[in-house]
Amino acid sequence: MEAASAKHGVYILLFSLVTLSRLSHLAASSDLQIVDAERRIDVISHIVRVYLTLKVENTGKSSASEVLLAFSPEQAKHISILQAAVVVGKKRKKSYLSLKVNPTDLPDSPNGTKYYTAYLLNPLKTGESVTIEVMYALTHSLQPFPVEISQSEPQLVYYHDSALILSHYYIKRQKTMIRTPSSKVESFTRVEPADRKGAELKYGPYEDRSPYSYSPVIIHFENNNPFAVVEELVREVEISHWGNLQITEHYKLAHGGARHKGVFSRVEYQGRPSGSGASSFKHLLAKLPPRVHSVYYRDNIGNISSSHLRSDFKKSELEIEPRYPLFGGWKATFTIGYGLPLQDFLFESDDGRRYLNFSFGCPITETVVDSLTVKVVLPEGSKNPSALLSFHAEQNLETSYSYLDVVGRPVVVLKKKNVVPDHNIPFQVYYEFHPLFMLAEPLMLTSVFFLLFVTSLAYLHMDISIRKS
Amino acid sequence: MVAAETAKDKALRYAFGNVLCFFILLLIGVLAFSIRIFSVIKYESVIHEFDPYFNYRVTQFLTKNGIYDFWNWFDDRTWYPLGRVIGGTVYPGLTLTAGTLWWTLNALNIPLSVETVCVFTAPIFSAFAAWATYFLTKEVKGTGAGLAAAALLAMVPSYISRSVAGSYDNEAVAIFALIFTFYLYIKTLNTGSLFYATLNAIAYFYMVCSWGGYTFIINLIPMHALLCIVTGRYSPRLYIAYCPLVVLGTLLAALVPVVGFNAVLTSEHFASFLVFIIIHVVALAYYIKGILSPKMFKVAVTLVVSVGLVVCCGVIAILVALVASSPTKGWSGRSLSLLDPTYASKYIPIIASVSEHQPPTWPSYFMDINVLAFLVPAGIVACFLPLSDASSFVVLYIVTSVYFSGVMVRLMLVLAPAACIMSGIALSEAFSVFTRSIKFQLPGLSQSHQMDAGDSVSEPSGDVIQNDIVKTDRHDEPVKERPTRRNKKKEKENVDKASKPSIKSKIENRLLVLPLETSIIALFLLVLLGAFYVVHCVWAAAEAYSAPSIVLTSHSHDGLHVFDDFREAYAWLSHNTDVDDKVASWWDYGYQTTAMANRTVIVDNNTWNNTHIATVGTAMSSPEKAAWEIFHSLDVKYVLVVFGGVVGYSSDDINKFLWMVRIGGGVFPHIKEPDYLRDGQYRIDSQATPTMLNCLMYKLSYYRFADTDGGKGFDRVRRTEIGKKNIKLTHFEEVFTTHHWMVRLYKLKPPRNRIRSKTKKSKSKSSTATNLKRSGTGKKNPWH
């Protein structure tokens, strides 16, 4: 308790220093200003999603082609995905064009502020303005407090942020809305004008804030939604040109919320499902592609018999239940495997190469994956594999052997940390493959058996006794 | 010209017969394999029960760390704080077999998991066992009997019970090794070939590697050799079959760490050495008899016998004295309970507590070998017509195994192959008699039959006759050189040709003719019997023996219910406790806890240290505080209790509790069985004794149980209301209970901070606990 508040103290000190020192030269150097900013923060699940609408105006003399988005170092660490789009058209015919965004380092950023640069499609000329929508997801940003709870207690969490939007630019008018899962909010820092209505907190509007204004707030509220964290996920996608795509996913699941302390009473848990173990979860929902077949769900000691598969033309839903309900800090490992028809995912590109088009992230809804490894096992004999992703991920090549392989199968390994469901976007793996390689293994088997029969024939027709009679 | 044609015809017929035989064997193998995978289809591909989990864990270790680390493996995850030298105390045959299988598959880049290989090892080896049975029976009574026996063995329920897919236990490969060793022995006996004798020793080595039941072989074969000598059937072939086996076999057996010097030191092996001496004496006597004149021989005999008797008496006296000086007379507990069925229940509760060590009941005979029980006597009779070395061996085998199966229900497994062989012989003989009678009497066939003599009888019976003839032929000239394969075939044909028209066989055939109607009805009844057997076997495989026992299912009006509580608890343990935490439970769950939860246990199913088990038994039957002290002294952090009262799972800890009391009381005398019984009755309701109501096991099992059904506390296993409902725990806390309450896990509360004056008290208490233990170990332990 004390340690936590001390930590907050440091924060507050840190950023008020920033605010005070207000590095004016930086502010002056930018020609942009934000006319209107609206921020909606969604803390309903354990993934914090922030939607930022910025109306940017160019007040400088030259046209600007990039917009800097600033984040406190603490937040920048937890940003899992950041997408920006520019709004085109008026109210009714609004459409969004996504922008390229890159993390950027500025040499003299105050207090380690981190930046992302959004590259505008058309340079913003003097006097013009543009509306940019930014969405980013933060993981591990809800801090359980108290850190340990017993079975009957609800889970309370802290969310730290600033009432003012941290910005590289001058902001004329801004407001922030925070949606909590329920109206049970223990406390929140007041930065007038601030208001709470039911499950929504409102900060602002604040007028005329200079760059790098910061006003830390802490919101302490009840959040009993499942804090499902996959500490490690390995997805293996194996392509067989005989018509099947086999996916095997190895999960290391943990409950990332407040740690469970003391007794776990089955009587309480089963007798009063509402009051006991509110923050625990026992179901997870995995959204799989349609036409999925031979689904299995097991762990290293055997099949887990509690799962349901519902499938229709559009999607398949696999509801899985770990062996035991997960309370705070409890862990479970399991494996999900399924097959998919190849023609839904493998295509031939114009240059004759083949490519696999498959979804990248974790199929389980509302989970954070701390470390995701996607392995695409290409058929034996494929050449020049390359992967195409819309975001950054570590890539390398491996070789794996299975089912009578001689030279091995090339494996494209993609690694990414801190993955959220928003990463469930398709990626492509291109490779060259000659269909003749499909026949290699059947031919090998046939010849082995043929040789076997020939040798036994020969053996039966030979008399190999030493002494002839 | 005609002769040449018939010869060609005959050769074709043989070729056809061989191919048919090959395919029948192949199908029998498929049958043996597929009847055992009901468990995989009905449940899942998972290791079953208790011991297989240990074997699975050992195999995992072997495949991960290699053979050298395996031999030197000291397992600190079990028998805490003693540990166990796995490499030196385990029969490695099964593990090495599965390990080799896995390694081969992986070398071919077939990525099967160790678990899959382990699950399917038993069905594969039962196919092998069926083939070995074919070869053994073929040596005894010919191809027909062989095929019948193999088919019977492929689906004998007794063997299925130990070798369904997932039942990864020593017996699965050991039965194959047993039958194969017997086959090679008979083969050597029939051929006198040193090649087969060497193979026999190697097969025996494999058997020693696989199962403690190898002592059955090393006693049965000497018994048979002795029988042959006594009945005047001594021949050089017997010498070749027996002596290399004893010499090579003993040397090889001593290579297996778990056997080691036991191969020459324990009484189980003495019979073989004794017979080894006797056979040499007999061989010498026959040799001398050959070179001396009858009169001189008589003189020599009297001389040798008088001197020899004196020496023998001396040697035997020394031996007896040596053996008698050891407390158990050199016999291990299990073997002693074989010789004296009442031994275990008298002295070793830990052996008696295992249900598979109990004597079987009559229904279990019917369940496990079914109609074979009726066919066996017929088979024995058939073996005496005519009695050969091989058939006398089979008779001896069935007689001894019937005795052993009567002692321990587990050894029904040894009886099963013998029963299959006997029934195979009986069936085949019966079929041959009936079909022959029909053929003799059918008017159309009898004409051609006269011309073709016994040749038109069905394939198996024909072979039987031939083989007997070949055998008698061999008796005539025992020093014949080993013929090549070709020669043999030719010779066989010659023999056939020579013997076919012989009047003797014709007369014999005529004598065995039965009335036509009787034969047809008898055939029909035999087929019916066989069909009944098949139906029973399939039922046994599908319903009775396929449940993996770690997953339970029940059918009710609203569908299938799965009780997966054991794995739920083990998975919870493995993911949510510290790697080095110690878990105490009754020994039944030791192997599973180490294998599935990967946590250190205090005792497990190996049961090598009675005192340690008694300590856990004592803790379970002590009041909470004393139990906490015992567990605390053993560094235990969690206590696992199996409780079936909610769902009606009857083999739970409360039902096993009396054994804990008995075993605990056997070492620590302050635990007395009568304290837990009210008027000699074991009860848990309000009539139960206060000792019972206050012991740890009772408390842990029924803690908060009454809350589940609104304060009634009705135990669905014992069908009664529990005696004490408001149970408070002061030294333990519930940390996990599975969905159906079948496994309950408790954590030991940390010792309270005490003021100084009390620390002394607690110290003295804990020291009494250790004193108790020490006094326990000081007691004579009947297990050793």
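Chain identifiers are assigned alphabetically (A, B, ...) following the order of the sequence lines, protein sequences preceding nucleic acid strands; residue numbering begins at 1 within each chain.
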Practice prompt. Please report the C-alpha distance between B:Phe732 and B:Leu748 in whole Å, then the side-chain angles of each, then the deciding distance to 0.1 Å, and finally whether the side-chain contact (heavy atoms from CB on, under 4.5 Å) criterion is met.
Written response: CA-CA 5 Å; B:Phe732 294 84; B:Leu748 268 77; 3.5 Å; yes

Fill in: Chi angles and distances behind the salt bridge (charged side-chain N to carboxylate O under 4.0 Å, His left out) call for A:Glu232, A:Lys252
CA-CA 5 Å; A:Glu232 202 183 326; A:Lys252 271 189 192 165; 3.4 Å; yes

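Taking chain B as the reference chain and counting heavy-atom pairs below 4.5 Å, the highest number among A:Val406, A:Val263, A:Asn303 is found for A:Asn303. The most heavy-atom pairs under 4.5 Å with chain A, out of B:Glu733, B:Arg704, B:Glu115, come from B:Arg704. Contacts with chain A were tallied for B:Asp564, B:Ile550, B:Asn106; B:Asp564 has the most, counting heavy-atom pairs under 4.5 Å. No other option in B:Ile110, B:Leu745, B:Asp707, B:Thr738 has as many heavy-atom pairs under 4.5 Å with chain A as B:Thr738. No other option in B:Leu108, B:Val46, B:Leu105 has as many heavy-atom pairs under 4.5 Å with chain A as B:Leu108. Ranked by non-hydrogen atom pairs under 4.5 Å with chain B, the options A:Gly329, A:Gly408, A:Ser305 are led by A:Ser305.
Proximity to chain B is limited to the side chain of A:Glu268, based on heavy atoms less than 4.5 angstrom apart. Contact of A:Gln270 with chain B is made through the side chain alone, with heavy-atom distances under 4.5 Å. B:Glu44 touches chain A through its side chain: at least one heavy atom from C-beta onward sits under 4.5 Å away, while N, CA, C and O do not. If you measure heavy-atom distances from A:Ser306 to chain B, you find no contacts under 4.5 Å at all. At a 4.5 Å heavy-atom cutoff, the contact between B:Ser45 and chain A is made by backbone atoms alone.
Taking the side chain as every heavy atom from C-beta outward, A:Glu231 and A:Leu253 never approach each other to under 4.5 Å. For the pair A:Asp370 and A:Val230, the minimum side-chain heavy-atom distance is 4.5 Å or more.
Each of B:Thr577, B:Asp581, B:Thr593 was evaluated against B:Arg599; a single residue qualifies, B:Thr577, per the side chain to side chain donor-acceptor pair (under 3.5 Å) test. Tested against B:Phe643 for a ring pair (Phe, Tyr, Trp, His ring centres under 6.0 Å), the candidates B:Tyr649, B:Trp741, B:Tyr702, B:Tyr746 yield a single pass: B:Tyr702. Among B:His575, B:Glu568, B:His739, the single residue meeting the side chain to side chain donor-acceptor pair (under 3.5 Å) criterion with A:Tyr324 is B:His575.
Between B:Phe736 and B:Trp572, the angle of the ring planes stays under 30°, which puts this pair in the parallel group of the 30/60° scheme.
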